[in-house]
S.K.: 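Let me begin by handing over the structure; questions about it come next.
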Amino acid sequence: MNWSTRAVALAGAATHRHSRWAPAVAATPRHLFVPRWWERGSDGWELHDGPSDPNRWLDAAYRDTSLVTRVGPLHADYATEADRPHGRPTSSATLPSLVVGMFQHARIDDGDRLLDVGTGSGYGAALAARRLSDEQVTSVDVDLYLTEIARKRVSEAGVAPTLDTFDATGDLPYDPASFDRIVATVSVRTVPAGWLRVLRPGGRLVTTIAGTSLLVTAEKDQDGGATGRVEWDRAGFMHARHGDDYPPGATVRLAKAAELDGDEVTRGPYPVVDVANAWDLASMLDIETPGIEHEYREDGEQRVALMAHADGSWARATATGNERPTVHQGGPRRLWDALDKVRDYWLSHGELPVRGARVDIMPDGRTFLGRGKWQAELS
């Protein structure tokens, strides 16, 4: 199977030609890490088997795109063609340019020891081991199957980083200051204290904030905390999970929001928006009112936005085109009002304060964004 030419082309698409990561991408057989994957279909996720269609396999594996490998508790490796899971993706092979971008934000030097949080398919760990060395790279994942199969596949790719299995948001079984760099390709709400313990003073961490598209970089201080900023780049990863699947409930809550009559019915001042794909707006809203789930639908000119929260709050906004929407809201909080408050701020200030904001991380992991007139503690 002639994959090397495609890997060289992928290196050109995912890195710049003088990048020290380009040779690693060009030399790593990505197709080994995604022999089977899921694509969303009309009646649920549909399975694709690479070896049964080699051309499609190579086309998919060497595009700069993410491939979903696990939906709910079902990994594509041991699924059948009849399976149609309807859950949320729980693991993937992230698009190579984003993996490389996260490593570049870490400013990795040749002698650095790297902790890669979120093994997933194992492709990122393989790139890091090829760029550095096997001894310098440790990768962790909560999923035993993922680490076991990744160990096999990185070996087939010609590298052997350390792969460990445990919940990386808890205590880590490494000595203090074991790592110079920590890069997470799963998102967390606050930076786990365990990461700070195993990061050396002056070491650098890179992660994303769950529920947002915010990419955070920070360097460890002598007091055990860390100081950094929200980068201007945008990135999104699956939430770090603590078991086999994410807790259920989002689908049910959003379905109720589509049907209920509101305790309060008003006309909104702004057009209906697809919040989840308005990245800065969604990020600011999730900082101010964390935990909101979103759904957006279009049917011709009809637009519907749904919002729901685990506390029972919900909202539904409907409109034709860009007309002012009719807004139904219920539960203990008014979620659409929270969205309109963020949009008010944006219009009056010309920007939202999240991009470029200062980040302060306490030794216990408490994480603060901003300073001066705007500051928020993540929770």
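Everything numeric in this text was worked out from a predicted model, so none of it was measured.
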S.K.: Could you go through Arg131 and Arg20, starting from their C-alpha distance and side-chain angles, then the distance that decides it, and tell me whether this counts as side-chain contact (heavy atoms from CB on, under 4.5 Å)?
M.R.: CA-CA 7 Å; Arg131 160 72 180 84; Arg20 290 179 293 178; 3.2 Å; yes
S.K.: Short question: side chain of Glu288, backbone of Ala338 - any donor-acceptor pair under 3.5 Å?
M.R.: no
S.K.: Tell me if a side-chain donor or acceptor on Thr185 pairs with a main-chain N or O of Gly118 at a distance below 3.5 Å.
M.R.: yes
S.K.: What is the distance from atom CG of Asp167 to atom CG of Asp141, rounded to the nearest 0.5 Å?
M.R.: 10.0 Å
S.K.: Return yes if a side-chain donor-acceptor contact under 3.5 Å exists between Asp221 and Thr227, otherwise no.
M.R.: yes
S.K.: So which of Asn322, Asp340, Asp344 actually passes side-chain hydrogen bond (donor to acceptor under 3.5 Å, both in side chains) with Tyr270?
M.R.: Asp344
S.K.: Could you work out, with side-chain hydrogen bond (donor to acceptor under 3.5 Å, both in side chains) as the rule, every residue matching Thr138, not counting sequence neighbours?
M.R.: none
S.K.: Just checking, any donor-acceptor pair under 3.5 angstrom between side chains of Thr28 and Arg130?
M.R.: yes
S.K.: With a distance cut-off below 6.0 Å to the six-membered ring centre and an angular limit of 45° from the axis, does Arg30 pair with Trp3 as a cation-pi contact?
M.R.: no
S.K.: Could you tell me if Thr119 and Ser139 have a donor-acceptor pair between their side chains, going purely by distance under 3.5 Å?
M.R.: yes
S.K.: Do NZ/NE/NH1/NH2 and the carboxylate oxygens of Arg70 and Asp245 come within less than 4.0 Å?
M.R.: no
S.K.: Is there a donor-acceptor pair under 3.5 Å between the side chain of His309 and the backbone N or O of Arg253?
M.R.: no
S.K.: Answer yes when Arg107 and Asp112 have at least one side-chain N-carboxylate O distance shorter than 4.0 Å, and no when they do not.
M.R.: no
S.K.: Salt bridge or not between Arg303 and Asp274? Use side-chain N to carboxylate O under 4.0 Å.
M.R.: no
S.K.: Quick one: CD on Gln136 to CG on Asp180, what's the gap to the nearest 0.5 Å?
M.R.: 8.5 Å
S.K.: Excluding sequence neighbours, so at least two apart, what forms salt bridge (charged side-chain N to carboxylate O under 4.0 Å, His left out) with Arg204?
M.R.: Glu219, Glu231
S.K.: For Arg36, is there an ion pair with Asp49 - N to carboxylate O distance below 4.0 angstrom?
M.R.: yes
S.K.: Around atom CD of Glu81, are there more than 12 heavy atoms from other residues, nucleotides or ligands closer than 6.0 Å?
M.R.: no
S.K.: Would you compute the distance between atom OG1 of Thr65 and atom CG of Leu98 and round it to the nearest 0.5 angstrom?
M.R.: 11.0 Å
S.K.: Sequence neighbours left out, what passes side chain to side chain contact (heavy atoms under 4.5 Å, CB included) with Ala160? Give chain and number order.
M.R.: Asp134
S.K.: Spell out, as yes or no, whether a donor-acceptor pair under 3.5 Å connects the side chain of Tyr174 to the backbone of Leu115.
M.R.: no
S.K.: State, without any angle test, whether Thr69 and Ser121 hold a side-chain donor-acceptor pair at a distance under 3.5 Å.
M.R.: no
S.K.: Salt bridge or not between Asp143 and Arg241? Use side-chain N to carboxylate O under 4.0 Å.
M.R.: yes
S.K.: Could you tell me whether the side chain of Arg324 and the main chain of Gly268 form a donor-acceptor pair under 3.5 Å?
M.R.: yes
S.K.: Under the salt bridge (charged side-chain N to carboxylate O under 4.0 Å, His left out) rule, collect the residues that match up with Arg84, sequence neighbours excluded.
M.R.: Asp43
S.K.: Taking side-chain hydrogen bond (donor to acceptor under 3.5 Å, both in side chains) as the definition, give me every residue that meets it alongside His31, ordered by chain and number, with sequence neighbours left out.
M.R.: Tyr62
S.K.: Is a side-chain N or O of Thr289 found less than 3.5 angstrom from the main chain of Asp286, in a donor-acceptor match?
M.R.: no
S.K.: Pairs in or reaching into residues 355-365: which pass side-chain hydrogen bond (donor to acceptor under 3.5 Å, both in side chains), with residues at least two apart or in two chains?
M.R.: Ser213-Arg355, Asp280-Arg355, Arg358-Asp360, Asp364-Arg366
